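Encoded as structure tokens, the structure appears first; notes follow it.
What you are looking at is a predicted structure, and each value in this text was computed from that prediction instead of being measured. Letters go in sequence order (proteins before strands), and every chain restarts at 1.
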Number of protein chains: 2
Amino acid sequence: MPTDTTSPRAPSGSRSLEHPAREDIRIAEVLHALADPMRLRIVRALAAAEGELNCADIELPVSKSTCTHHFRVLREHGVIQQLYRGTAKMNGLRRADLDELFPGLIDGVLRGAELQARRLGEE
Amino acid sequence: MPTDTTSPRAPSGSRSLEHPAREDIRIAEVLHALADPMRLRIVRALAAAEGELNCADIELPVSKSTCTHHFRVLREHGVIQQLYRGTAKMNGLRRADLDELFPGLIDGVLRGAELQARRLGEE
DNA sequence: GCAGTCATACGATAGCCGTCGTACTACGGT
DNA sequence: ACCGTAGTACGACGGCTATCGTATGACTGC
């Protein structure tokens, strides 16, 4: 087993998270995942951070359980990927997969969300 | 009150339909409206037709009431515009408004949906 | 080993949503 | 004036969903 960059290797403890394969991602589900203000906020934060973010790094006005719920929805619909690293769980956008499946979609959503935030935020 | 181009003038009978103003359209609501397979189908048909389509011109495997419901959701969230013309109701995408508010969003959704349809449809 | 931290699981609850059928309204043509 | 067609209104129903609180599990550091 040489260098395998795609296998979800288990660092140590490894609670393994289920992610849909790229070919199983559906646009309607992605849109549904993005159609919630809280989740849109999460996705925007992840896109801005470029790297990986701890769950708690994103401030949300909801309880911790609700937060977990939203992250799970995003993961199960193929929008983000999560992996455990010690006690924290790192989250990242699945940009490569999404861009290949639906080119321009994520960019459009992020740009639209930013424009709207700017429009509503400052005036 | 001179020439008022924005007033929803009543052609003759005029059951008037309420549409949100452009500045009231929210991206989360648009995404939600698009996140349903049936509605995505409607939007794709409208985009393909370029012009206006009768409600019944789009074949959907749902009852007439459900169809009405989906069209209303799309209208109330700012995705389509509807107006009565005699006994029929013509539907059209609000491309200009959507493209100005969220440039690239609709294109990304339509393209992604088409790619997915092609991917799933022929193999 | 024990406590603290980060996140999950589970159960509950209230609200929304997609779907339907039936009854009704509006318009156009004959 | 009437009928047919196109669409709406309304009520119902089952399922999903966003939210919460509390209890539990996993890992780190002392």
Exercise for the section: Grab the CG-C1' distance between A:Leu17 and D:dA26 for me, whole Å please. Expected result: 13 Å
Practice task
Please determine if A:Arg95 and A:Asp99 form a salt bridge, counting it only when a charged side-chain N lies under 4.0 Å from a carboxylate O.
Solution key: yes
Practice task
Find the distance between CG (A:Leu46) and CG (A:Leu74) and round it off to the nearest 0.5 Å.
Solution key: 8.0 Å
Exercise for the section: Considering just the side-chain nitrogens and oxygens of B:Arg72, establish if one lies under 4.0 Å of OP1 or OP2 belonging to D:dG7. Expected result: no
Practice task
Let me know the distance between CD of A:Glu18 and P of C:dA9, rounded to the nearest Å.
Solution key: 11 Å
Problem - Side-chain (B:Arg39) to main-chain (B:Ala33) donor-acceptor, under 3.5 angstrom - result: yes
Completion exercise
Between CD of B:Gln82 and C1' of D:dA6 the distance, given in whole Å, is 13 Å
Practice task
Could you tell me the separation between the CG atom of B:Leu83 and the C1' atom of D:dA6, rounded to a whole number of Å?
Solution key: 15 Å
Fill in the blank from the handout: Readout for nucleotides 15-24 of chain C: B = base within 4.0 Å of protein heavy atom, S = sugar-phosphate only, - = neither; 5' to 3' it is --SSBBBB--
Problem - A:Glu18 side chain near A:Glu76 side chain, heavy-atom distance below 4.5 Å - result: no
Fill in the blank from the handout: Taken to the nearest whole Å, CD1/B:Ile80 to P/D:dG7 is 12 Å
Problem - Distance in angstrom units between A:Leu60 CG and D:dA18 P, rounded - result: 13 Å
Problem - Nearest-Å distance for atom pair CG/C1', residues A:Leu34 and D:dT17 - result: 16 Å
Handout entry: Within 6.0 angstrom of A:Glu59 CD, more than 12 heavy atoms from elsewhere
Key = no
Exercise for the section: State whether a side-chain donor-acceptor pair under 3.5 Å links B:Arg75 with B:Gln82. Expected result: yes
Handout entry: Protein-nucleotide distance (B:Tyr84, atom OH; C:dT25, atom C1'), rounded to Å
Key = 10 Å
